[in-house]
Amino acid sequence: IRRGKLAQLMASYYYGKTVSENEAIQFFIDNGITTATSIGDYNSNRILNRSQISAFIQRYEAFVSQQKWVNLKKQWSSFFDFRLMQLIGR
């Protein structure tokens, strides 16, 4: 599989809709899933070997796990803020 296609598949899955390869590569860059610093540096047409695919999957899973934790913290924070406001009468 090509690097660009893998990025597109993973980013599309994350967003729940089809994204372009460039959007997907930017998603990888923005979220630390790749070490590339620009779309041009990503080499989207290069074929990946198994160890490279594994590395991308591990980084993607780490990102998704972190996002779930961040979202959970936000939900709890909002809940406690709401309860605090109820308790102090605002």
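Given the structure is predicted, the values throughout are model-derived calculations rather than measurements.
S12 meets the side-chain contact (heavy atoms from CB on, under 4.5 Å) test with Q8, T18, V19; sequence neighbours excluded. Shown here are the ring pair (Phe, Tyr, Trp, His ring centres under 6.0 Å) partners of Y60, two or more places apart in sequence or in another chain: there are none. Annotation: side-chain contact (heavy atoms from CB on, under 4.5 Å) contacts of Q58 (sequence neighbours excluded): S54. Under the rule for a ring pair (Phe, Tyr, Trp, His ring centres under 6.0 Å), Y13 has no partner lying at least two apart in sequence or in another chain.
Here the closest heavy-atom approach between residue L9 and residue I1 is recorded as CD1-CD1, 3.7 Å. Across every non-hydrogen atom of I39 and N22, the tightest pair is CG2-OD1, 3.4 Å.
Applying the ring-ring contact (aromatic ring centres under 6.0 Å, His included) test to every pair with at least one member in residues 37-56, sequence neighbours left out, gives these pairs: F28-F56. Counting only residues at least two apart or in different chains, salt bridge (Lys or Arg N to Asp or Glu O under 4.0 Å) contacts with residues 18-42 comprise R2-E21. Note on residues 3-18: no pairs pass salt bridge (Lys or Arg N to Asp or Glu O under 4.0 Å), not counting sequence neighbours.
Separating the OH atom in Y15 from the CZ atom in F27 is a distance of 5.0 Å, to the nearest 0.5 Å. Rounded to the nearest 0.5 angstrom, I47 CD1 and L6 CG are separated by 11.0 Å.
At least one donor-acceptor pair under 3.5 Å links the side chain of N49 to the backbone N or O of S51.
Within the 4.5 Å cutoff, no side-chain heavy atoms of N31 are placed close to those of R59.
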